[in-house]
There are 2 protein chains.
Amino acid sequence: MATSRSKRELDGLDAEILLALVEDPDATTVSLAQRLSVSRNTIQSRLQKLNDGVLESFQRRITPRALGYEVTAFMNASIRQGYDKQTMKALSEIPEIVEIYATTGDADLRLTIAATSPEDLYRVNQLILDISGIVRTSTAVVLREFLGYRTKPLLERITE
Amino acid sequence: MATSRSKRELDGLDAEILLALVEDPDATTVSLAQRLSVSRNTIQSRLQKLNDGVLESFQRRITPRALGYEVTAFMNASIRQGYDKQTMKALSEIPEIVEIYATTGDADLRLTIAATSPEDLYRVNQLILDISGIVRTSTAVVLREFLGYRTKPLLERITE
DNA sequence: AAACTTATTGGGCATTATGCTCAAAAGTCC
DNA sequence: GGACTTTTGAGCATAATGCCCAATAAGTTT
């Protein structure tokens with residue numbers, strides 16, 4: 001079978017628009033048109049199409065650090081017997097848990113945790129361990145951010 | 001010495017503005033003023049102050065999946081003797097590497113990788129292993145996203 | 001209490017951006 | 001060539017922005 005991409009295909013212009021928006025989140029339609037040397041109408045129609053697809057995930061994101069949560073940690077947690085709803089619900093009720101992914105491995109969850117301090121992290125860790133479905137955890141504290149979230153290279157590749 | 005917070009303190013209104021922006025990334029100053037029942041001038045001055053601080057990190061983010069990278073994986077990599085620049089540079093030249101953090105543990109790096117398919121992930125993994133500073137890796141593929149990145153609860157807490 | 005600082009408000013006003021429409025020109029596919 | 005989609009330029013009413021200013025409200029200091 002062929003590639004048959006179900007996703008809407010992004011062309012170079014789409015990618016360039018996204019790139020420009022990554023660099024300047026509040027760029028206006030007019031400024032995008034100037035920058036990319038296309039008409040305003042083109043930008044407008046592209047953005048419209050993008051809005052019902054890619055841009056849904058193109059949300060604003062704020063780092064916990066900006067809110068005073070200085071410590072970030074990644075945590076692996078094992079859970080008992082599958083992903084029961086109660087456990088997941090209990091986890092998502094903890095504000096400091098910023099992400100939860102289920103990964104390959106023995107019923108493993110990977111959590112991202114924001115805490116104000118190491119002691120605070122300990123506290124949150126205890127909260128998590130108190131949840132009945134959680135079996136054991138291992139935590140790795142972030143010492144340094146070498147590369148913050150980026151998709152630029154991925155977008156640039158589409159630009160050709 | 002006192003707490004001496006170097007970070008600008010966010011008050012409830014700031015948090016409410018940020019919350020509104022998380023929900024509607026393209027909200028206008030006018031609409032924010034209406035929604036929060038404060039004057040437009042207030043919103044405008046708050047945003048100005050936020051811009052030189054919190055909002056710098058309040059960027060738009062696009063998920064690799066929207067670009068056709070269906071597979072996300074977390075990878076732990078150990079590196080030889082400290083974080084030498086060459087190794088880090090080599091890593092950041094791989095477009096599929098979306099994040100790099102140094103974490104506690106024996107000289108551990110934690111990478112987030114975007115790949116188009118499992119085979120593609122394997123390819124990227126080989127690329128990484130070919131870097132001289134990298135000793136060994138272990139990869140966990142994301143099976144399911146239980147909780148996408150969120151800071152809402154953290155912001156709501158500030159709102160009181 | 002009085003003085004002082006800071007934040008908020010309401011008003012105005014010129015400039016810019018938006019949303020929408022339309023028809024012509026340019027490309028693309030078969 | 002004909003059919004189709006995309007881009008373009010133009011227009012126009014409405015809305016938003018970026019300033020400015022002075023008055024009021026709120027919070028602090030002495």
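Chain letters run A, B, ... following the sequence lines, proteins first, then strands; residues in each count from 1. Computed from a predicted model, the values in this text were never measured in an experiment.
Electrostatic pairing of A:K89 and A:E93 counts as a salt bridge here, judged by a charged N lying under 4.0 Å from a carboxylate O. Between A:R150 and A:E156 there is no salt bridge, since no side-chain nitrogen of the basic residue lies less than 4.0 Å from a carboxylate oxygen of the acidic one. Between A:D24 and B:R60, no side-chain nitrogen of the basic residue sits less than 4.0 Å from a carboxylate oxygen of the acidic one, so the salt-bridge criterion is not met.
The 12-atom threshold is exceeded at CD of A:Q126, counting heavy atoms of other residues, nucleotides or ligands nearer than 6.0 Å. Remark: A:Y122 OH is loosely packed, at most 12 non-hydrogen atoms of other residues, nucleotides or ligands lying under 6.0 Å away.
Comparing D:dA16, D:dT6, C:dT8 against the side chain of A:R46 picks out D:dT6 as the nearest.
For the pair A:E99 and B:Y149, the tightest heavy-atom approach, listed with the atom from each and the gap, is CG-CA, 3.8 Å.
Remark: A:T42 is in phosphate contact with D:dT8, judged by side-chain N or O atoms under 4.0 Å from OP1 or OP2. Not one side-chain nitrogen or oxygen of A:Q44 sits closer than 4.0 Å to the OP1 or OP2 atom of C:dT18.
Atom-to-atom, CG of A:D26 to C1' of C:dA17 comes out at 14 Å; the value is rounded to the nearest Å. Rounded to an integer number of Å, the gap from NZ of A:K49 to P of D:dT5 is 10 Å. Summarising the geometry, the separation between CD1 on B:I43 and P on D:dC19 is reported as 17 Å, rounded to the nearest angstrom. For the pair B:I17 CD1 and C:dA7 C1', the interatomic distance rounds to 13 Å; values are reported in whole Å. Between the CG atom of B:L32 and the C1' atom of D:dA15 there is a distance of 15 Å, rounded to whole Å. Here C:dT21 presents its C1' atom at 13 Å from CD of A:Q48, a figure rounded to the nearest Å. Across the protein-nucleic acid pair, B:D24 atom CG and D:dA16 atom C1' stand 14 Å apart, rounded to whole Å. If you take CG of A:L13 and C1' of D:dT8, they are 13 Å apart, rounded to a whole angstrom.
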What nitrogen or oxygen pairs link the protein and nucleotides 22-30 of chain C at under 3.5 Å?
none

| request: Just do the side-chain hydrogen bond (donor to acceptor under 3.5 Å, both in side chains) check on B:T112 and B:R110 with the steps written out, would you? | output: CA-CA 7 Å; B:T112 306; B:R110 215 206 52 110; 3.2 Å; yes
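The residue among B:S37 and A:T29 whose nearest nucleotide of DNA chain C lies closer to the 5′ end is B:S37.
Looking at B:R40, its side chain has no donor and acceptor atom pair within 3.5 Å of the base of C:dG11.
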